[in-house]
Amino acid sequence: MLEGIERELMLIARHHVMGKRRGDGMERSAYLLLTRLEVEGPMTIGALAEAFRLDTSTVNRQVAALLRAGDAERIADPDGGLARKLRITEAGTEHLAAERAGHCRGLERVLASWDEGERRELLESLTRFNRAVESTEGREWPRRDTGDATGDVARTGGVARG
């Protein structure tokens with residue numbers, strides 16, 4: 001049974017990768033970092049590294065690309081701390097919204113022949129799956145300020161957020 005699930009999840013990942021091969025859209029790391037900054041607000045590189053369980057040098061390289069693209073900026077800590085934080089810029093917010101819209105268009109093509117009940121069932125299953133994934137790390141799903149997890153899968157992009 002689990003082999004079948006793994007195979008199906010790999011197909012979902014392939015759908016995402018095939019879109020990237022066409023050269024459209026942003027890098028996955030940029031999407032994830034910008035989404036986290038959008039949801040959580042300004043964060044240090046260390047906090048981002050901890051959130052994604054990555055080495056700070058890896059996140060630092062990824063953040064450097066965001067800074068060069070103008071999608072994020074360094075700011076003084078709004079809470080008065082010494083460490084500088086990263087904040088998503090207006091351009092970053094626009095790029096992220098465009099990326100999400102592209103995800104939704106892709107999902108709409110894939111789910112075009114599905115009726116509303118089938119879409120709802122998929123969304124409920126994905127939400128349950130995400131909750132189980134996050135609970136293994138002691139987190140809640142949906143994450144704070146990420147919207148309603150019961151919304152239309154074609155509108156929200158299902159698991160595309162966060």
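Atom set for the values below is all heavy atoms of this structure, side chains included, hydrogens, waters and symmetry mates excluded. Index from 1, following the sequence. These numbers come from a predicted model, not from an experiment.
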- request: For P78 and K85, work out which heavy atoms get closest and say how close.
  value: CD-CD, 4.1 Å
task: Measure from the side-chain N and O atoms of T89 to the backbone N and O of D71, and report whether any donor-acceptor pair falls under 3.5 Å.
output: yes
query: Would Q62 and L48 satisfy side-chain contact (heavy atoms from CB on, under 4.5 Å), going step by step from the backbone distance to the final call?
result: CA-CA 11 Å; Q62 295 169 343; L48 284 167; over 6 Å; no
field: Step-by-step side-chain contact (heavy atoms from CB on, under 4.5 Å) determination, S57 to R61
entry: CA-CA 6 Å; S57 64; R61 283 190 302 276; 4.0 Å; yes
query: Are L32 and L54 co-members of a hydrophobic cluster defined by side-chain heavy atoms under 4.5 Å apart?
result: yes
- request: Flag yes if W114 and L126 sit in one hydrophobic cluster, no otherwise; membership is Ile, Leu, Val, Met, Phe, Trp, Tyr, and two members link when side-chain heavy atoms are under 4.5 Å apart.
  value: yes
message: Please give me the minimum heavy-atom distance between G46 and T56, naming the atom from each residue.
response: CA-CG2, 4.2 Å
- line: dist R100:CZ -> H95:NE2 (nearest 0.5 Å) comes out at 14.0 Å
message: Can you tell me how far apart OG1 (T35) and CD1 (I88) are? Round to the nearest 0.5 Å.
response: 7.5 Å
- request: Look at atom CD of E50 and say whether more than 12 heavy atoms of other residues, nucleotides or ligands are closer to it than 6.0 Å.
  value: no
field: Separation between CG of L123 and CD of E116, rounded to the nearest 0.5 Å
entry: 9.5 Å
message: To the closest 0.5 Å, what do you measure between CZ (R53) and OG1 (T58)?
response: 15.5 Å
query: Where is the tightest heavy-atom contact between S113 and E118, given as atom of each residue plus distance?
result: O-OE1, 4.2 Å
- line: So CZ of R105 and CD of E108: to nearest 0.5 Å the spacing works out to 11.5 Å
query: Does D79 reach the main-chain N or O of G81 with its side chain, forming a donor-acceptor pair under 3.5 Å?
result: no
- prompt: Hey, does the side chain of E124 reach the backbone of E121 with a donor-acceptor pair shorter than 3.5 angstrom?
  reply: no
message: Quick one, V63 with V59, criterion side-chain contact (heavy atoms from CB on, under 4.5 Å). Give me CA distance, side-chain angles, the key distance, then yes/no.
response: CA-CA 6 Å; V63 163; V59 175; 3.9 Å; yes
- request: Kindly check if the number of other-residue, nucleotide or ligand heavy atoms within 6.0 Å of CD (E90) is above 12?
  value: no
query: In Å, rounded to the nearest 0.5 Å, how long is the span from CG of L66 to CG of L37?
result: 7.5 Å
query: Charged N to carboxylate O below 4.0 Å: is that the case for E73 and R84?
result: no
message: Taking the side chain as everything from C-beta on, heavy atoms only, tell me whether L67 gets closer than 4.5 Å to L86.
response: yes
message: Run the side-chain contact (heavy atoms from CB on, under 4.5 Å) test on L111 and L122 for me, step by step, so that the C-alpha distance in whole Å, both residues' side-chain angles and the decisive distance to 0.1 Å come before the verdict.
response: CA-CA 10 Å; L111 301 176; L122 175 63; 4.1 Å; yes
message: Please determine whether salt bridge (charged side-chain N to carboxylate O under 4.0 Å, His left out) holds for the pair R28 and E99, giving the CA-CA distance in whole Å, both sets of side-chain angles, and the decisive distance to 0.1 Å.
response: CA-CA 10 Å; R28 183 173 189 269; E99 184 73 6; over 6 Å; no
